[in-house]
Trainee: 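Here's a structure for you.
Below, chains carry the letters A, B, ... as their sequence lines are ordered, and counting in each starts from 1.
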2 protein chains.
Amino acid sequence: MKEQEDQSLRGRVLQQIRDGILSGKYATGDELREITVGKELGVSRTPVREALRQLELEGLVEIIPNKGARVNGITSKDVKDIYMIRSYLEGLAARWATENITEEELNELEEIVLLSEFNLRKEQQDQMVLLDGRFHALIYKASNSRMLDHVLVDFHRYVKHARASSVAEKDRAKKSVREHKAILEAIRDHDADLAEQLANEHILRVMENLRRQGYEEINKDNG
Amino acid sequence: MKEQEDQSLRGRVLQQIRDGILSGKYATGDELREITVGKELGVSRTPVREALRQLELEGLVEIIPNKGARVNGITSKDVKDIYMIRSYLEGLAARWATENITEEELNELEEIVLLSEFNLRKEQQDQMVLLDGRFHALIYKASNSRMLDHVLVDFHRYVKHARASSVAEKDRAKKSVREHKAILEAIRDHDADLAEQLANEHILRVMENLRRQGYEEINKDNG
DNA sequence: ACTTGTACAGCTGTATACAATAGTACAAAA
DNA sequence: TTTTGTACTATTGTATACAGCTGTACAAGT
């Protein structure tokens, strides 16, 4: 799916509008005209319409029939809720990953953690964000559940901006890698209960860190 | 959103295709041609395209660029996974509902439980399905979390067919109402821990019941 | 027989045309 | 002044036209 979002025109339009909303370029309450947005992106109404309809399903815009699309951005409460929901579901994902992970996936997970530790020293923050994303995405995949993967990927996308600011903090990044390592070890030891608990706590800690640094700022336009 | 699905042409098309997939009319692997589907429903390509793009986001179809839309039905494993995911999230929903429910919502919840007990005696099974749906939907809403509500409503829709067969079983329906009542009481008593635990167990029991009666049959076309 | 090239048919991707609807400005009447 | 009716404009809803891609059938060459 992600791949298609990159190559097709509609996919690019979807991503750009979504990013526009998540980054605050389009603020909550803004009305998105099909023609206007189309001109902005250099395309006609059709791809824009399709993208807006998809964003409606995601909840990022509200479509009022015969009227238009209204931006329904993400508030700071939404972000907080998502982290809490994720703390539950990442626990389940870690549990299922423990039960279903393949040798190959386990190796990849180890590689990611190693790379993270390496980058930690070099303070490559953008790399850290990427590796953090890959770690979680791989656990979702290893859970071997389309449904769980689907919902977690969606949520992950929503909090993309919040996430970037969290990992950027060096102190938090260090702890985060340590937590990832512990989760990895629990998975490798086939200790599903522990993996679930660790993953659960990991997200709660990220959330706590976000709260401390005041995630309101990130979404000041929407919240 | 639901309202708009009913009134707009695109919304109706979306619902019809989705129902077609969930009911097994369109089986996994089927290719949905825009023109063909359009003719079936008496509309042009445009609304069909928009609906298919939305279903892609839901994961019910896979869109292969320049090729078409392939049905990606729900397997029995998906249903099982959804119930497990829901058991986690309904617990959270009940917890948050306990903390945020309004007097009005509490009254409505009580009314639903009362009606359920009444219908139980009259053995009105379709009414029971409706009331069960309303009970859960109301808890989602009372949780006062857009995000949680959104994801749970989506999942609920996915397992619609499995749900109908579960509540249809009289014995299970009786127990289900009893469990709903217990959850309601925990919410009324502001006992969030208990509400969470009860809601969690409630879904697990529904799942267990589904397993016993062999939910494979319901999705024989897809699983 | 097998491979390769080519034309064709069918479908999607995108743009645009036309219809329907909703909001607005403004004038006429009370 | 307020209300109401009306015409107009802007925007969406739907259909369709056209371009581009993909897979296939079939023939030509090896």
Side-chain angles (χ1 to χ4, degrees), chain A residues 1-21 25-73, chain B residues 1-21 25-73:
Chain A
M1 188 173 109
K2 206 45 170 292
E3 308 83 54
Q4 283 151 43
E5 285 192 9
D6 293 333
Q7 61 189 103
S8 84
L9 188 52
R10 169 189 56 85
R12 281 202 305 277
V13 171
L14 173 60
Q15 274 191 318
Q16 292 189 67
I17 301 180
R18 182 158 53 207
D19 279 354
I21 295 175
K25 178 184 162 197
Y26 302 125
T28 298
D30 280 5
E31 306 236 325
L32 297 179
R33 303 282 143 66
E34 291 170 2
I35 297 180
T36 312
V37 176
K39 266 185 192 159
E40 265 178 51
L41 306 178
V43 298
S44 80
R45 287 178 55 206
T46 310
V48 176
R49 272 186 73 81
E50 291 174 358
L52 287 177
R53 293 309 182 281
Q54 295 192 280
L55 289 170
E56 181 196 19
L57 218 64
E58 291 189 21
L60 286 182
V61 308
E62 180 184 3
I63 303 241
I64 301 150
N66 291 312
K67 180 116 195 302
R70 215 182 122 275
V71 175
N72 227 324
Chain B
M1 189 172 110
K2 206 55 175 279
E3 308 82 54
Q4 284 151 40
E5 286 192 7
D6 293 335
Q7 61 192 101
S8 85
L9 188 52
R10 171 188 56 85
R12 281 202 306 278
V13 170
L14 173 62
Q15 273 191 319
Q16 291 188 67
I17 301 180
R18 182 158 52 208
D19 279 353
I21 295 175
K25 179 186 163 196
Y26 302 123
T28 297
D30 280 7
E31 307 238 325
L32 298 179
R33 306 279 144 65
E34 292 169 3
I35 297 179
T36 313
V37 175
K39 265 184 191 157
E40 265 178 50
L41 305 178
V43 298
S44 80
R45 287 176 57 203
T46 310
V48 176
R49 271 186 74 82
E50 290 174 358
L52 288 177
R53 292 309 181 282
Q54 294 192 280
L55 290 170
E56 181 197 19
L57 219 63
E58 291 189 20
L60 287 182
V61 307
E62 179 186 3
I63 304 242
I64 301 152
N66 291 312
K67 179 120 197 300
R70 211 180 127 277
V71 175
N72 226 326

Trainee: The criterion is side-chain hydrogen bond (donor to acceptor under 3.5 Å, both in side chains); which residues satisfy it with Arg49(B), sequence neighbours excluded?
Mentor: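 Once residues adjacent in sequence are excluded, the partners of Arg49(B) under the side-chain hydrogen bond (donor to acceptor under 3.5 Å, both in side chains) criterion are Glu50(A), Glu34(B).
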
Trainee: Side chains of Arg12(A) and Arg10(A): does their closest heavy-atom pair fall under 4.5 Å?
Mentor: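 Result no, sub-4.5 Å side-chain heavy-atom pair not found.
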
Trainee: Donor-acceptor check, side chain of Thr28(B) to backbone of Val71(B), threshold 3.5 angstrom: yes or no?
Mentor: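 Such a contact is absent between Thr28(B) side chain and Val71(B) backbone.
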
Trainee: Ion pair present between Glu56(B) and Arg70(B), side-chain N to carboxylate O less than 4.0 angstrom?
Mentor: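 Salt bridge absent between Glu56(B) and Arg70(B).
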
Trainee: Would you call Lys25(A) and Glu40(A) a salt bridge, using N to O less than 4.0 angstrom?
Mentor: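 Answer for the salt bridge query: yes.
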
Trainee: Can you give one letter per nucleotide of nucleotides 9-15 of chain D, 5' to 3': B if a protein heavy atom sits under 4.0 Å from the base, S if only from the sugar-phosphate, - if neither?
Mentor: --SBBBB

